[in-house]
Amino acid sequence: MMARLTYLAVLEYNGKNGYGVYFPDVLGCISYGDTVEEALRMAAEALELHISGIIEDGDPLPERTDTIPELKKGDLVTAITVDREAVVA
């Protein structure tokens with residue numbers, strides 16, 4: 001059975017400059033995209049790379065809390081899921 005990891009991502013609308021992305025439960029994992037679609041794609045890539053580094057370092061995976069920080073107008077929250085096997089392959 002494939003292990004899947006899911007964390008909440010916050011897409012912060014930066015006006016005309018697109019969306020910055022961060023994961024409240026995965027400190028230091030950030031990304032960016034000019035559109036929502038690009039931001040989501042880049043966020044998934046960033047999460048895979050970040051989780052891969054955590055696993056390679058032998059550190060414990062972050063716990064998912066589902067805590068949503070205070071949002072500003074235009075911000076979005078979504079869950080991003082990555083396959084753990086793909087991360088460590």
For E45, does its backbone N or O pair with a side-chain atom of H50 as donor and acceptor, under 3.5 Å? no
Using a 3.5 Å distance criterion without hydrogens, assess whether the side chain of D75 forms a donor-acceptor pair with backbone atoms of K72. yes
Would you say the ring centers of Y7 and F23 fall short of 6.0 Å from each other? no
Sub-4.5 Å side-chain heavy-atom contact between Y19 and N14: no
Should L71 and L40 be counted in the same cluster of Ile, Leu, Val, Met, Phe, Trp and Tyr side chains packed under 4.5 Å apart? no
One should read off an interatomic distance between I80 CD1 and C29 SG, to the nearest 0.5 angstrom, of 9.5 Å
Keeping D59 on the side-chain end and I54 on the backbone end, is there a donor-acceptor pair under 3.5 Å? no
For L76, is the CG atom crowded, meaning more than 12 foreign heavy atoms sit under 6.0 Å from it? yes
Pairwise side-chain contact, V10 with P24, heavy-atom cut-off 4.5 Å (strictly under): yes
Does E38 reach the main-chain N or O of D34 with its side chain, forming a donor-acceptor pair under 3.5 Å? yes
Enter the distance from L11:CG to M42:CE here, rounded to the nearest 0.5 Å. 12.5 Å
Looking at side-chain heavy atoms only, is the closest gap between R64 and D66 below 4.5 Å? yes
Residue pair I68 / L8, side-chain heavy-atom distance below 4.5 Å: yes
Is there a side-chain contact between L5 and L61 (heavy atoms, below 4.5 Å)? yes
Would you give the length of the straight line joining atom CG of L47 to atom OG1 of T6, rounded to the nearest 0.5 angstrom? 9.0 Å
